[in-house]
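Notes for the one structure printed next.
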Amino acid sequence: MTDARWPARRDGEAPVRHAPGTPCWVSLMVHGPDRARMFYEALFGWEFRSGPQQLGPYARALLDGCEVAGIGLLPPDARLPVAWTPYFASVDVDRTAEAVRWRGGTIGVGPLDAGEAGRLAIGSDPSGAVFGIWQASVRLGSRAVTGVPGAPAWYELTTRESERVAKFYASVFGHTAQPEVSADIDHMTLSVDGRPVAGIHGMGGGPLRDRGPYWTTYFTVAGLDDAVDHVLRLGGQVLERPHDGARGRVATVADPEGARFSLLQGP
């Protein structure tokens, strides 16, 4: 449960503000955060910094001094999956949370404060896919990290209701939804100010692995085959073997607690 990239700023660098609706943070809540941190540290080379304390045992992952993700302890009474959850930027998390409810979604956590870093909420869209909302502090921002091995590269929602769900995200976050012109593929791209930020993949009546609709986070890797082998050596599993995708070679894997994510080697 977390937020949009918050105080990741180097000395002398100006804070970066994320446009509303932009995926700005990704967070993983697990039963064993220490083991999870060891797994991702070995896989991506992440370093960790504790806090904010308001989120319980929580740590932010850093690449080259910039925060890229967070890992925390899943509360025993939380009705949340062990999964990577993307957070979308908002200028007012309370108003965005209200819009989620009005548009047929639900808010399960918050809105609540995360110290001086900002304010957050966790909800689900009308199909049940979990996502977060993050309002960064006016004093804090982060330098964007993209295209670097170990950094988030893309976010994809798998659902049976692509058109309905696309309208939900467009109305709540201001996304523009562009369908892919194909008779065989049900896919839409969500954009902010003309810039693609996420995708929606419709499964129709196809299987969703008995877990319902879900968001998948793609992380950049330098070499896909080596990264997949590393996942296996670290106790993870491979759900989809390496194959060519729209954004490069990709494989879907899971960590030792079953949190799924994808590895992307760009063209």
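What you see below is based on every heavy atom in this structure, not just the backbone, and it leaves out hydrogens, waters and symmetry mates.
No side-chain donor-acceptor contact under 3.5 Å links His201 to the backbone of Gly199. Judged purely by atom type and a 3.5 angstrom limit, Thr22 has no side-chain atom pairing as donor or acceptor with the backbone of His18.
At a threshold of 4.5 Å between non-hydrogen side-chain atoms, the residues Phe219 and Phe261 count as touching. Between Arg49 and Glu67, some side-chain heavy-atom pair lies under the 4.5 Å cut-off. Here the side chains of His31 and Glu257 are in contact, with some heavy-atom distance below 4.5 Å. Within the 4.5 Å cutoff, side-chain heavy atoms of Phe168 are placed close to those of Val100. Using a 4.5 Å heavy-atom threshold, the side chains of Arg164 and Pro126 count as touching. Contact annotation: the side chain of Val250 approaches that of Tyr218 to within less than 4.5 Å [non-hydrogen atoms, C-beta and beyond]. Side-chain contact between Ile133 and Ile107: present, with at least one pair of heavy atoms (C-beta onward) separated by less than 4.5 Å. Side-chain atoms of Val253 and Leu263, non-hydrogen and from C-beta on, do get closer than 4.5 Å to each other.
Val30 is not connected to Met38 by any chain of hydrophobic side-chain contacts under 4.5 Å among Ile, Leu, Val, Met, Phe, Trp and Tyr, and they are in different clusters. Phe44 and Leu63 fall within a single hydrophobic cluster, where Ile, Leu, Val, Met, Phe, Trp and Tyr side chains are chained together by heavy-atom contacts under 4.5 Å. When the side chains of ILVMFWY residues are joined at heavy-atom separations under 4.5 Å, either directly or via intervening members, Leu43 and Val238 end up in a single hydrophobic cluster. Placement of Phe48 and Leu28 within a single hydrophobic cluster is found when ILVMFWY residues are connected by side-chain heavy-atom separations under 4.5 Å, directly or transitively.
At a cut-off of 3.5 Å, with distance as the only test, a side-chain donor of Glu156 or His187 sits close to an acceptor on the other residue. Between Ser27 and Tyr58, the side chains place a donor N or O and an acceptor N or O closer than 3.5 Å (distance only, hydrogens not considered). For the residue pair Ser124 and Thr106, a side-chain donor N or O sits within less than 3.5 Å of a side-chain acceptor on the partner. No donor-acceptor contact under 3.5 angstrom links the side chains of Thr176 and Ser191, judged on distance only.
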Side-chain polar contacts of residues 91-99 - donor-acceptor pairs under 3.5 angstrom, sequence neighbours left out - could you list them?
| residue | atom | partner | partner atom | Å |
| --- | --- | --- | --- | --- |
| Asp92 | OD1 | Asp94 | N | 3.1 |
| Asp92 | OD1 | Arg95 | N | 3.2 |
| Asp94 | OD1 | Arg119 | NE | 2.9 |
| Asp94 | OD2 | Arg119 | NH2 | 3.1 |
| Thr96 | OG1 | Ser90 | OG | 2.6 |
| Thr96 | OG1 | Asp92 | O | 3.1 |
| Glu98 | OE1 | Arg101 | NH1 | 3.3 |
| Glu98 | OE2 | Trp102 | NE1 | 3.1 |

Donor-acceptor pairs under 3.5 Å, side chain of residues 224-236 to any protein atom, not counting sequence neighbours: which ones?
| residue | atom | partner | partner atom | Å |
| --- | --- | --- | --- | --- |
| Asp225 | OD2 | Arg249 | NH1 | 3.1 |

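Between the CE atom of Met29 and the CD1 atom of Ile71 there is a distance of 10.0 Å, given to the nearest 0.5 Å.
Residue pairs meeting the salt bridge (charged side-chain N to carboxylate O under 4.0 Å, His left out) criterion with at least one partner in residues 23-37, sequence neighbours excluded, are Asp34-Arg37.
Aromatic ring centres of Trp84 and Tyr40 lie closer together than 6.0 Å.
Both tests pass for Arg247 against the ring of Trp154: distance under 6.0 Å to the centre and angle within 45° of the axis.
Aromatic ring pairs are classed by plane angle as parallel below 30°, tilted from 30° to 60° and perpendicular above 60°; the pair Tyr169 and Phe88 is tilted.
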Derivation and outcome, side chain to side chain contact (heavy atoms under 4.5 Å, CB included), residues Arg260 and Glu240: CA-CA 10 Å; Arg260 61 180 293 147; Glu240 294 181 11; 4.3 Å; yes
Side chain to side chain contact (heavy atoms under 4.5 Å, CB included) between Tyr155 and Trp215, worked out: CA-CA 7 Å; Tyr155 308 87; Trp215 279 96; 4.0 Å; yes
